[in-house]
Each structure stands twice: as structure tokens, then as C-alpha cells.
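Okay, structure first, notes after.
Letters go in sequence order (proteins before strands), and every chain restarts at 1. Atom set for the values below is all heavy atoms of this structure, side chains included, hydrogens, waters and symmetry mates excluded.
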2 protein chains.
Amino acid sequence: MKHVDLDKLDRRILSLLQQEGRISNQLLAEQVGLSPAACWRRVRTLEENGIIQGYSARVNPEKIGQGLCVLLNLSLQRHSIDSTEEIEQQVSSYPEVLQCFAVTGNADFVLRVIVPDMASYDRFLNEKIFTLHGISQVNSNFALREIKNTETIPVEGLDQGGIDAPKTTNPRP
Amino acid sequence: MKHVDLDKLDRRILSLLQQEGRISNQLLAEQVGLSPAACWRRVRTLEENGIIQGYSARVNPEKIGQGLCVLLNLSLQRHSIDSTEEIEQQVSSYPEVLQCFAVTGNADFVLRVIVPDMASYDRFLNEKIFTLHGISQVNSNFALREIKNTETIPVEGLDQGGIDAPKTTNPRP
DNA sequence: ACTGAAAGTCGTTGCAT
DNA sequence: ATGCAACGACTTTCAGT
């Protein structure tokens, strides 16, 4: 199997740490029902396994003048399908690009771009997108409103996929 | 003006805290060139201003069996344009939906959905999307690869928007 | 607005179960 | 894999500049 199995306590820890990444280990331990030491060791293990990749401050983009969010659909010329790696590296290096996925459908890539305003977006396109080699189409969809924006991966009381019988023993092999 | 002006130190703090949300205040202070107390007060202020909205653990979805990411384009029937609020509330409540934006272009909404596998996505669509009232079109683009995925808002050495003259005084009004 | 020190709190380790 | 206990490190506050 590809992914790690987590017991109820690990999932609770992950859930709490996704909400409150700077919660003290003592409070965390209390809320999951463990001693601080036991809790700390579990967090440690989750970090070492790469399940917890790190911790971040969540910054409100509007409050620092980065209020324009754009979903950019990018298509490549078919003959440049092997120059994608260069494009991907370039795009990754742009701080305005928060997310980039290679996708099925009409476009080859979907990017989420964040900039202060339209003038900045215009500059971004002209300087950083239109200059890429092998681009065939660029389509910008502007975010009118943000309904939901979280990085909280579901871990608790949740569809675990597959059709496995529920496990009652050996929670952490 | 809508957004808050930050000086170089605040921007450095934001940058560091976005990368290492659990860095100790001492190290942070050291890296920005302040005393721990001064640094701590600035962080405090950034939190109180809502510039720092909170802290999160970054969880690797693949490692916990949430390996399928889908960009879902949702269109509404034109006559149900005022029942959007109900749809938005429902969609927000789904843990599989990490992001949802109202956008310009062909679709009305773009959602980023995360599930364990295709079977789960099938269930998600049937149980939580197709059951929404007022939907006209649903289009799923599957993420083949994740080129970049960060929530790190650009704050340092960066396009601040507009054409204002550079400020040299009054960094924190 | 910053520094430095004081007091309280917390993270981290080793040991026993 | 857990709990307890102890030490060192840290956060947070307050007076002084």
C-alpha cells in the first residue's frame, strides 16, 4: 500500500495541528487525551514520516495589497510537449504563482496567480507568461469572490477510500 | 487605502513565518535583527491586525491516502442565480472541497477537490454535487501532476502594485 | 519603539512500566 | 507505545531608556 495508516489519535493530532499549528504540545496532548511526552513523540513521528511537511503562518493576501486572484489556463503547442520541464521550472519560480497543476481537459496547466491589481497582472502576463517558449493559449479567469480557501486535508471521520473491511487491531504497524 | 503598509522587518517576519510557522521567537528575532521582545510585539501586532490569520501544519495528502486532486468547474442555471448562497454554503461545508472561487469565464465556480481515489470522487459527485439545486454543468479536470502548491503569499522584494512613489518614512502609521 | 532582565511556562529527554 | 519527573530553553511581561 502506498499510504500510511493512522489511528484515531494521529488523525486527531493532524486535525488540530492543521487548525492551530502553533498550539502548545501540552494543550494538544490534553485535547487528544495523551500525556505531553506521548503526544510529542507522535507529532515527531508524523514529521519524520513526511506526513507533516512543515508549519506555516496563514497570511491574508488582501491586507497586504495582494488582492487579485486569477486562475490561468495554459496550453502548450503540441510539438513542444517535451519542453514542458523548462516551463514548469520557470512557472514554479514565480512568487505570484501559488499553485500550478498539470491537468486533463482543454488546458495543459492551471495556475493560481496572486497579484496586487490589474496593472500588475498585465505586467505578469507580459513579462513572465507570454515570454515562455512553446505556449499556445493563455486564458485568464478572475476570481470574483473566494468562497472557501483552505489547505486543511480531511483526516477525521472521513472517506478513507477503497472497500477494505474496518480494522480493529494493529493501528500502527 | 485598503491595505496596511509593512516595513522591511514586518515583511521579513511574514516571510519567515510562512516558511517556518513554528520557528521559535528567539530564532526569528535573530534572523530579522531584533531583540526577542521587539520581534514578539511585531508578531503580536500582525496577528491582531489579521494579517497573520493563524498557523497550520502542512499535511501531505498522498501520504494519508488523499491522492486524487480534481479541479471542478461548476455552472449554474441562469434562473437560479439567486440561490447561489445555498450552493456556496453547502460546498463550503464539504471537507473534500479545499478551495472554491466564483470566477469570470465559462464556469461560475471553480472548486479544488481532494479525495482518495476515483471511486470516492464518483461518490462525491453523486452525493454532494449532483444533488445541489440549480446546477447546469459540471466539468472535472483531474490533476495529473502537482507542479507547485504553496500558500506563501509574496511579501518580500516584490511588486507592491500601483505607481506610488517609494516611501522613505512613516513605515508603520 | 526598542533593550534587558525577571518570572512563569513549555519542550524535550531518560527511565520505568 | 505510554506516563512521570527533571532540566534546560523558551515565551511573555514589565520597567527603564
Side-chain angles (χ1 to χ4, degrees), chain A residues 1 3-59 63-64 155-156 160 166-173, chain B residues 3-59 63-64 155-156 166-173:
Chain A
M1 196 180 297
H3 65 89
V4 184
D5 267 316
L6 304 170
D7 65 12
K8 213 170 219 171
L9 295 173
D10 287 328
R11 287 204 292 269
R12 182 129 193 76
I13 288 173
L14 283 181
S15 177
L16 288 165
L17 280 178
Q18 285 191 99
Q19 292 164 43
E20 280 296 314
R22 265 195 114 143
I23 190 174
S24 80
N25 185 55
Q26 289 198 334
L27 258 176
L28 183 64
E30 197 175 296
Q31 298 204 34
V32 300
L34 281 173
S35 73
C39 183
W40 184 84
R41 271 186 297 251
R42 274 170 180 266
V43 172
R44 197 75 192 178
T45 306
L46 290 167
E47 290 170 355
E48 284 167 359
N49 289 346
I51 292 170
I52 294 176
Q53 300 182 293
Y55 301 86
S56 301
R58 294 192 301 267
V59 171
K63 294 242 177 177
I64 59 171
V155 287
E156 277 188 311
Q160 298 298 121
K167 292 220 178 110
T168 53
T169 50
N170 267 354
R172 283 160 55 100
Chain B
H3 65 87
V4 184
D5 268 315
L6 304 169
D7 66 12
K8 213 171 217 170
L9 295 173
D10 287 328
R11 287 204 292 269
R12 182 127 193 77
I13 288 173
L14 283 181
S15 177
L16 289 164
L17 280 179
Q18 284 191 100
Q19 292 164 43
E20 282 294 316
R22 262 193 117 145
I23 190 175
S24 79
N25 185 55
Q26 289 198 332
L27 258 175
L28 183 64
E30 198 175 295
Q31 299 204 34
V32 300
L34 281 173
S35 73
C39 183
W40 185 83
R41 258 183 301 100
R42 276 170 180 266
V43 172
R44 226 8 224 246
T45 305
L46 290 167
E47 290 170 355
E48 284 167 359
N49 289 347
I51 291 170
I52 294 177
Q53 300 183 294
Y55 301 86
S56 301
R58 293 191 301 266
V59 171
K63 295 243 177 177
I64 59 171
V155 287
E156 276 187 311
K167 291 219 179 113
T168 52
T169 49
N170 265 354
R172 284 159 54 97

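- Residue order along DNA chain D, read from the 5' end via each residue's closest nucleotide, puts A:Gly33 first among A:Gly33 and A:Arg22.
- Between A:Arg44 atom CZ and D:dA1 atom P there is a gap of 16 Å when expressed in whole angstrom units.
- Annotation for A:Arg58 and B:Tyr55: closest pair NH1-O, 3.2 Å, computed over non-hydrogen atoms.
- Listed candidates were C:dT12, D:dT2, D:dT12. Nearest to the side chain of A:Leu9 is D:dT2.
- At C:dC2, one or more side-chain N or O atoms of B:Arg42 fall inside 4.0 Å of OP1 or OP2 (strictly under the cut-off).
- Here A:Ser35 lies in heavy-atom contact (under 4.0 Å) with a base.
- Contact detail for A:Cys39 and A:Ile13: the closest heavy-atom pair is SG-CD1, 4.2 Å.
- Closest approach to the B:Ser24 side chain among D:dT2, D:dC10, D:dT12 is made by D:dC10 (side chain taken as heavy atoms from C-beta onward).
- For B:Leu46 and C:dA1, the CG to P distance is 12 Å, given to the nearest whole Å.
- Contact annotation: the side chain of A:Asp10 never approaches that of A:Ile51 to less than 4.5 Å [non-hydrogen atoms, C-beta and beyond].
- With rounding to whole Å, B:Ile23 atom CD1 is found 18 Å from D:dA9 atom P.
- Under the 3.5 Å distance criterion, the side-chain polar atoms of A:Thr45 are matched with a main-chain donor or acceptor of A:Arg41.
- The side chain of B:Gln26 approaches D:dT11 more closely than any other nucleotide in the set D:dT2, D:dT11, C:dG11.
- Although no hydrogens or angles enter the test, the distance criterion places no donor-acceptor pair under 3.5 Å between the side chain of A:Ser56 and the main chain of B:Gly21.
- Ranking C:dT12, C:dC2, D:dT2 by closeness to the B:Leu34 side chain, first place goes to C:dC2.
- One donor-acceptor pair, N or O on each side, does fall under 3.5 Å between the base of D:dG3 and the side chain of A:Arg41.
- Per the geometry, CG belonging to A:Leu27 stands 11 Å off C1' belonging to C:dC10, to the nearest Å.
- To the nearest angstrom, C1' of D:dT11 lies 13 Å from CG of B:Leu28.
- Note on A:Ala37: a base of the nucleic acid sits closer than 4.0 angstrom, heavy atoms only.
- For A:Trp40 and C:dG11, the shortest distance from a side-chain N or O to OP1 or OP2 is not below 4.0 Å.
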